[in-house]
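To start, the structure itself, in structure tokens.
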Amino acid sequence: MKQKLLPAILAQFGEASDRLGLSDEMRTLLRIPYRELKVEIPVRMDNGRLKVFIGYRVQHNGARGPYKGGVRYYPSLNLDEVRALAMLMTWKSAVVDIPFGGAKGGVCCDPKKMSSDELQRLTRAFISKIDLIIGPSRDIPAPDVNTNAQVMAWMMDEYGKHHGYTPAIVTGKPIELGGSLEREQATGRGCVFTAFEAAKLLGMKLEGARVAIQGFGKVGANAAQILEEAGCRVIAVSDSQGAVYQRNGLPVSKLLAHKKKSGTVVGFPGASAMTQEALLETECELLVPAALEGAITSKNARKIHARLIAEGANGPILPEVDPILEKRKIFVIPDILANAGGVVVSYFEWVQNFQHYAWEGQQVNRELQKVMARSFALVHSLAQKEKTTMRTAAYMIAIEKVARATDLRGL
């Protein structure tokens with residue numbers, strides 16, 4: 001991850017804080033993480049050698065509830081990246097009014113070069129090192145980049161060795177171990193739900209609407225499937241190796257099968273090849289940047305031809321780009337709102353674990369839609385009232401809630 005995410009989040013924090021008239025003392029309290037833990041993780045590799053990995057867990061703010069955030073395994077992971085994502089989780093939870101704070105964690109490693117046994121030993125060692133600061137009412141990890149339900153199962157089991165059966169210690173678990181139905185689809189589905197709300201606002205018909213999706217991972221692929229079911233035409237899709245285009249719409253299920261077999265969307269039969277840059281500039285009604293941060297910059301912002309952008313990734317639009325897109329009347333649903341579906345359904349999973357009662361999938365999706373629609377309406381209403389962007393309005397709502405909770409607690 002480039003080092004632009006933390007400055008971008010702090011810039012948005014500053015602008016929203018100015019509009020709210022936040023005191024310098026409160027700004028300091030909300031800007032600085034509550035706790036940062038860096039740990040050494042020795043792991044015996046399959047070849048018998050000992051390798052030491054570095055892991056992090058940053059707890060940004062817990063005024064509104066337990067710390068909540070994913071764990072990623074990534075070769076270039078660094079502390080600034082984890083700090084930025086932890087802060088982002090605080091604002092995400094607050095803007096959708098979920099009673100969680102924000103945290104993030106990860107290990108600097110390349111999971112693609114590790115066996116399943118090595119990953120399991122790494123995961124268990126990591127949890128044993130951060131055990132003292134996590135808990136179902138303190139800090140609840142979840143999947144993120146290069147981690148999944150299996151990794152959560154190992155975390156849950158390792159934590160349980162010392163604390164007993166505790167399914168609420170992680171979310172994003174396998175269904176068989178107390179995971180929630182529809183959790184894997186939640187971030188993509190939540191993104192689509194906000195896009196539906198924006199489409200209503202813009203008078204945009206979804207039937208036949210052209211969609212371009214940058215990133216065909218957990219978020220992008222699920223969003224593509226849901227949008228196709230709604231009658232949209234997914235005309236362009238990309239992954240880390242390239243992009244494909246089909247004017248009449250790509251058959252998403254067949255594209256998924258192709259990627260599972262070949263490891264990439266590139267080379268899909270009947271589709272034209274295109275670059276990542278060209279995908280962003282594709283003429284479409286809806287653009288979903290669901291890959292990396294900083295994808296839309298001042299260099300390509302004037303070439304964007306979408307009517308609506310829903311940020312599936314964290315920070316895909318650089319801060320200086322928002323005024324350009326606003327001037328061009330391109331409606332942007334900011335990341336802390338658009339991709340908050342994951343933390344919403346993580347909350348539902350956590351609630352189900354405490355209730356010892358599993359919800360039906362339809363109930364999960366129905367409740368998610370209610371939360372996303374309500375949150376979108378509140379953000380849009382404030383944006384109109386304050387004559388500002390959806391992003392600044394979302395940050396204002398989130399920061400005000402966290403500041404109020406901090407003040408009430410006497411912190």
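Basis for what follows: all heavy atoms, side chains included, without hydrogens, waters or symmetry-related copies. The chain is numbered in sequence order, starting from 1. No experiment lies behind these values; they were computed from the predicted model shown.
A search for side-chain hydrogen bond (donor to acceptor under 3.5 Å, both in side chains) contacts involving Thr123 returns Tyr73, not counting sequence neighbours. Phe268 pairs by the ring pair (Phe, Tyr, Trp, His ring centres under 6.0 Å) definition with His258, not counting sequence neighbours. Residues satisfying the salt bridge (charged side-chain N to carboxylate O under 4.0 Å, His left out) test with Lys401, not counting sequence neighbours, are Asp97. Under the side-chain hydrogen bond (donor to acceptor under 3.5 Å, both in side chains) criterion, Gln120 pairs with Arg124, sequence neighbours left out. Applying the salt bridge (charged side-chain N to carboxylate O under 4.0 Å, His left out) rule to Glu36 yields the partners Arg83; only residues at least two apart in sequence or on another chain are considered. With sequence neighbours left out, Asp46 forms a side-chain hydrogen bond (donor to acceptor under 3.5 Å, both in side chains) with Ser115, Arg121. Remark: Glu285 engages Arg210 in a salt bridge (charged side-chain N to carboxylate O under 4.0 Å, His left out) (not counting sequence neighbours). Taking Arg233 as the reference, nothing meets the salt bridge (charged side-chain N to carboxylate O under 4.0 Å, His left out) condition, with sequence neighbours excluded.
Annotation for Leu30 and Thr406: closest pair CD2-OG1, 3.7 Å, computed over non-hydrogen atoms. Shown here for Pro33 and Val58, the closest heavy-atom pair between the two residues is CB-CG1, 3.8 Å. Nearest heavy atoms, Arg374 versus Val96: NH2-O, 3.9 Å. Across Ile226 and Gly188, no two heavy atoms sit closer than the pair CD1-C, 4.3 Å. Smallest separation of non-hydrogen atoms from Pro174 and Ala149: CD-O, 3.2 Å. Contact between Lys205 and Ala209 at its shortest, heavy atoms only, is O-CB, 3.4 Å.
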(request) For Ile235 and Val211, run side-chain contact (heavy atoms from CB on, under 4.5 Å): C-alpha distance rounded to whole Å, both residues' side-chain angles, the deciding distance at 0.1 Å, then the answer. (result) CA-CA 6 Å; Ile235 61 170; Val211 180; over 6 Å; no
(request) Step by step, work out the side-chain contact (heavy atoms from CB on, under 4.5 Å) result for Phe216 and Leu256. (result) CA-CA 9 Å; Phe216 205 58; Leu256 282 166; 3.5 Å; yes
(request) List the steps and the verdict of side chain to side chain donor-acceptor pair (under 3.5 Å) for Thr264 and Asp239. (result) CA-CA 7 Å; Thr264 178; Asp239 60 22; 2.9 Å; yes
(request) Would you please test Leu287 and Thr282 for side-chain contact (heavy atoms from CB on, under 4.5 Å) and show each step? (result) CA-CA 9 Å; Leu287 173 63; Thr282 301; over 6 Å; no
(message) Set out, in order, the CA-CA distance, both residues' side-chain angles and the distance that settles side-chain contact (heavy atoms from CB on, under 4.5 Å) for Val95 and Ser375, then state yes or no.
(response) CA-CA 7 Å; Val95 80; Ser375 302; 5.7 Å; no
(message) side chain to side chain donor-acceptor pair (under 3.5 Å) for Ser346 and Arg183? Distances and angles first, verdict last.
(response) CA-CA 7 Å; Ser346 281; Arg183 171 61 187 86; 3.1 Å; yes
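The distance from atom CG of Asn61 to atom CZ of Arg31, rounded to the nearest 0.5 Å, is 13.0 Å. Here the CD1-CG distance, from Ile213 to Leu227, works out to 5.5 Å after rounding to the nearest 0.5 Å. Taken from NZ in Lys200 to CZ in Phe196, the straight-line distance is 9.5 Å, to the nearest 0.5 Å. For the atom pair Leu279 CG and Cys284 SG, the distance stands at 8.0 Å (nearest 0.5 Å). Atoms CD1 and CD, from Ile399 and Gln12 in turn, are 9.0 Å apart once rounded to the nearest 0.5 Å. To the nearest 0.5 Å, the span separating CG on Leu77 from CD on Glu81 amounts to 4.5 Å.
Under a 3.5 Å cut-off, the side chain of Ser381 and the backbone N or O of Leu378 do not form any donor-acceptor pair. Without hydrogens or angle criteria, Glu349 side chain to Gly172 main chain gives a donor-acceptor distance under 3.5 Å. Under a 3.5 Å cut-off, the side chain of Arg19 and the backbone N or O of Thr388 do not form any donor-acceptor pair. Judged by distance alone, with hydrogens and angles left aside, the side-chain atoms of Thr392 form no donor-acceptor pair with the main-chain N or O of Thr389 at under 3.5 Å. For the pair Glu293 (side chain) and Gly315 (backbone), a donor-acceptor distance under 3.5 Å is absent. Thr166 places a side-chain N or O within 3.5 Å of a backbone atom of Gly164 that can act as its donor or acceptor partner. One N or O on the side chain of Gln352 and one on the backbone of Trp359 form a donor-acceptor pair closer than 3.5 Å. Without hydrogens or angle criteria, Ser238 side chain to Ala243 main chain gives no donor-acceptor distance under 3.5 Å. With hydrogens and angles disregarded, no donor-acceptor distance shorter than 3.5 Å links the side chain of His163 to the backbone of Gly135. Panel note: side chain Lys173, backbone Val170; a donor-acceptor pair is recorded below 3.5 Å.
Surrounding OH of Tyr34 are at most 12 heavy atoms belonging to other residues, nucleotides or ligands under 6.0 Å away. No more than 12 heavy atoms of other residues, nucleotides or ligands lie within 6.0 Å of CZ in Arg404, so this atom counts as exposed by the packing criterion. In this structure, Gln150 places its CD atom where more than 12 heavy-atom neighbours from other residues, nucleotides or ligands lie under 6.0 Å away. Annotation for Glu184: atom CD does not count as buried by contact number, only 12 or fewer foreign heavy atoms lying within 6.0 Å.
The stretch residues 134-146 participates, sequence neighbours left out, in these side-chain hydrogen bond (donor to acceptor under 3.5 Å, both in side chains) pairs: Arg57-Asp139, Gln59-Asp139, Arg72-Asp144, Lys104-Asp144. Sorted by first and then second residue, the side-chain hydrogen bond (donor to acceptor under 3.5 Å, both in side chains) pairs with a member in residues 296-307 form an empty list; sequence neighbours excluded. Every pair tested for side-chain hydrogen bond (donor to acceptor under 3.5 Å, both in side chains) that includes a residue from residues 213-231 fails, sequence neighbours excluded, so the list is empty. Screening residues 360-369 for salt bridge (Lys or Arg N to Asp or Glu O under 4.0 Å) gives Glu367-Lys370 as the qualifying pairs, with residues at least two apart or on separate chains.
Residues Met390 and Phe331 are in side-chain contact: their nearest non-hydrogen atoms beyond the backbone lie under 4.5 Å apart. Put simply, the side chain of Phe354 reaches to within 4.5 Å of the side chain of Pro136, judged on heavy atoms. Side-chain atoms of Met152 and Thr171, non-hydrogen and from C-beta on, never get closer than 4.5 Å to each other. Glu197 is not listed as a side-chain neighbour of Leu201, based on a closest heavy-atom distance of 4.5 Å or more.
Ring geometry for Trp350 versus Tyr347: interplanar angle of 30 to 60°, hence tilted.
Under the 4.0 Å criterion applied to side-chain N and carboxylate O atoms, Arg391 and Asp335 are assigned as salt-bridge partners.
In this structure, Phe100 has its ring center no closer than 6.0 Å to that of Tyr67.
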